[in-house]
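Some notes on the structure that comes next.
Hydrogens, waters and symmetry mates play no part in the numbers below; they use all other heavy atoms, side chains included. For ligands, and for the atoms within them, numbers begin at 1 and follow the listed sequence.
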Amino acid sequence: MTYQYLTIRRDGAVEHVTLNRPDVRNAFNEAVIAELSAWAASAREDEGLRVVVFGGAGKVFSAGADAEWMSRMAGYSQAENVADARAAASMFRAINALPCAVIGRIHGAALGGGSGLAAVCDIVVAAENTIFGFTETKLGILPAMISPFVLPKIGVSAARELFLTGMRFSAARAREIGLVHSVVAEEHLDDAVQRYVTELLSASPSGIAAAKALIPQVWGQRPETVADLTAQTIAAQRGSDEGREGLRAFLEKRSPAWVPK
Ligand code: COA
């Protein structure tokens, strides 16, 4: 498939997806959302895909929702607005629920929905000079569609501060609140991303998918409520091909078959 606003580069089991609308700082409108949704649908079916790296072309990762699009939507009916917002929610959900690992490579700025995109990544690596912000209230709107993904990352307290003020904050603060995992000098961004890619390629693809699916099911639950789910999950994985191969490889002091040679 060809895209107008995404650049895709495949490197074995790793796909680099770059938002490519640098003139408007990779702001996304309905066309970008449609492309990201189509990409996520095909990624979901791609059994050879193990790691995705999301980045942005040009000066910044993403300036979030396209203000021109948001302002155009203001003239539409409530029903049209809801349909449009649902398409955005569905895109965030699709990326969030991909069975492979997703890394955010964040530089320059990640504002509004740009920070939302960071929140649907499993691992976020940011350049130290990146500016983050849930700036929507400064524009008279609010971070609604991204909130289900941002809240589990940053928690209620930081959300009350940052959603309400719309203030911009540093990469160091983003790491402190759980939105970002690693902060490095911009020139070391690719090396830091590559270290995570290497770690992920040495982990079992089905183990990654199962762990990723388990986390939201267990989060917020009482241990006794999820006792059966967790027992069923480990039992299924131990008996799976990769469960058997991983444990056998460890005992035989060799690399499991899924580790690239
Ligand atoms: N929607 C639409 N256009 C946007 C945009 C957005 N969210 N963010 C930036 N742009 C456009 C600017 O209007 C400008 O267009 P122009 O060249 O026609 O004047 C162009 O992108 C470059 O923006 P500029 O502000 O000059 O770039 P910068 O590199 O100095 O700063 C940002 C980059 C991202 C820090 C800055 O553009 C910004 O703060 N944008 C607003 C982000 C925001 O609040 N997003 C939340 C939306 S809900």
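Distance check on atom 8 (N) of ligand 1: some protein heavy atom falls below the 4.0 Å cut-off. Within the 4.0 Å cut-off (strictly below), a protein heavy atom is located near atom 27 (O) of ligand 1. Protein heavy atoms all stay at least 4.0 Å away from atom 18 (O) of ligand 1. Atom 12 (C) of ligand 1 lies below 4.0 Å from none of the non-hydrogen atoms of the protein. There is a protein heavy atom closer than 4.0 angstrom to atom 39 (O) of ligand 1. Contact annotation for atom 36 (C) of ligand 1: protein absent (non-hydrogen atoms, distance under 4.0 Å).
Among Ala63, Gly64, Ala109, the residue whose heavy atom sits closest to atom 45 (N) of ligand 1 is Ala63.
With respect to the salt-bridge test (charged N to carboxylate O, under 4.0 angstrom), the residues Arg173 and Glu161 qualify. By the 4.0 Å N-to-carboxylate-O rule, Asp46 lies close enough to Arg10 to be salt-bridged with it. Salt-bridge check for Arg21 with Glu35: failed, with every basic side-chain N at 4.0 Å or more from each acidic carboxylate O. Contact check on Arg175 versus Glu128 returns no salt bridge, with no Lys/Arg side-chain nitrogen under 4.0 Å from an Asp/Glu carboxylate oxygen.
Atom NZ of Lys253 has 12 or fewer neighbouring heavy atoms from other residues, nucleotides or ligands inside a 6.0 Å radius.
For the 3.5 Å distance criterion, the side chains of Trp39 and Glu15 qualify, holding a donor opposite an acceptor. Side-chain contact check for Ser71 and Glu68: no donor-acceptor pair (N or O, by modelled atom type) lies under 3.5 Å.
Close approach to Ala27 involves these atoms of ligand 1, each under 4.0 Å from a residue heavy atom: 1 (N), 6 (C), 7 (N). Within ligand 1, counting atoms from 1 as listed, the ones closer than 4.0 Å to a heavy atom of Thr135 are 43 (C), 44 (O), 45 (N), 46 (C). The contact set between ligand 1 and Leu139, taken as ligand atoms under 4.0 Å from a residue heavy atom, comprises 44 (O), 46 (C), 47 (C), 48 (S).
The protein heavy atom nearest to atom 31 (O) of ligand 1 is Arg25 NE, 4.3 Å. Ranking protein heavy atoms by distance to atom 30 (O) of ligand 1, first place goes to Lys59 NZ, 4.1 Å. Residue, atom and distance of the protein heavy atom nearest to atom 4 (C) of ligand 1 are Val24 O, 3.8 Å. The protein atom (non-hydrogen) at minimum distance from atom 1 (N) of ligand 1 is Ala67 N, 2.8 Å.
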Check the pair Leu19 / Leu117 against side chain to side chain contact (heavy atoms under 4.5 Å, CB included), numbers first and verdict last.
CA-CA 11 Å; Leu19 300 169; Leu117 267 184; 3.8 Å; yes

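Any N or O atom pair closer than 3.5 Å counts here, and Leu111 shares no such pair with ligand 1.
The aromatic rings of Phe92 and Phe149 sit tilted, their planes meeting at an angle between 30° and 60°.
The side-chain heavy atoms of Gln237 and Ser204, taken from C-beta on, include a pair separated by under 4.5 Å.
Residue-ligand proximity: Asp23 is placed with a non-hydrogen atom under 4.0 Å from ligand 1. At least one heavy atom of Arg168 sits less than 4.0 Å from an atom of ligand 1.
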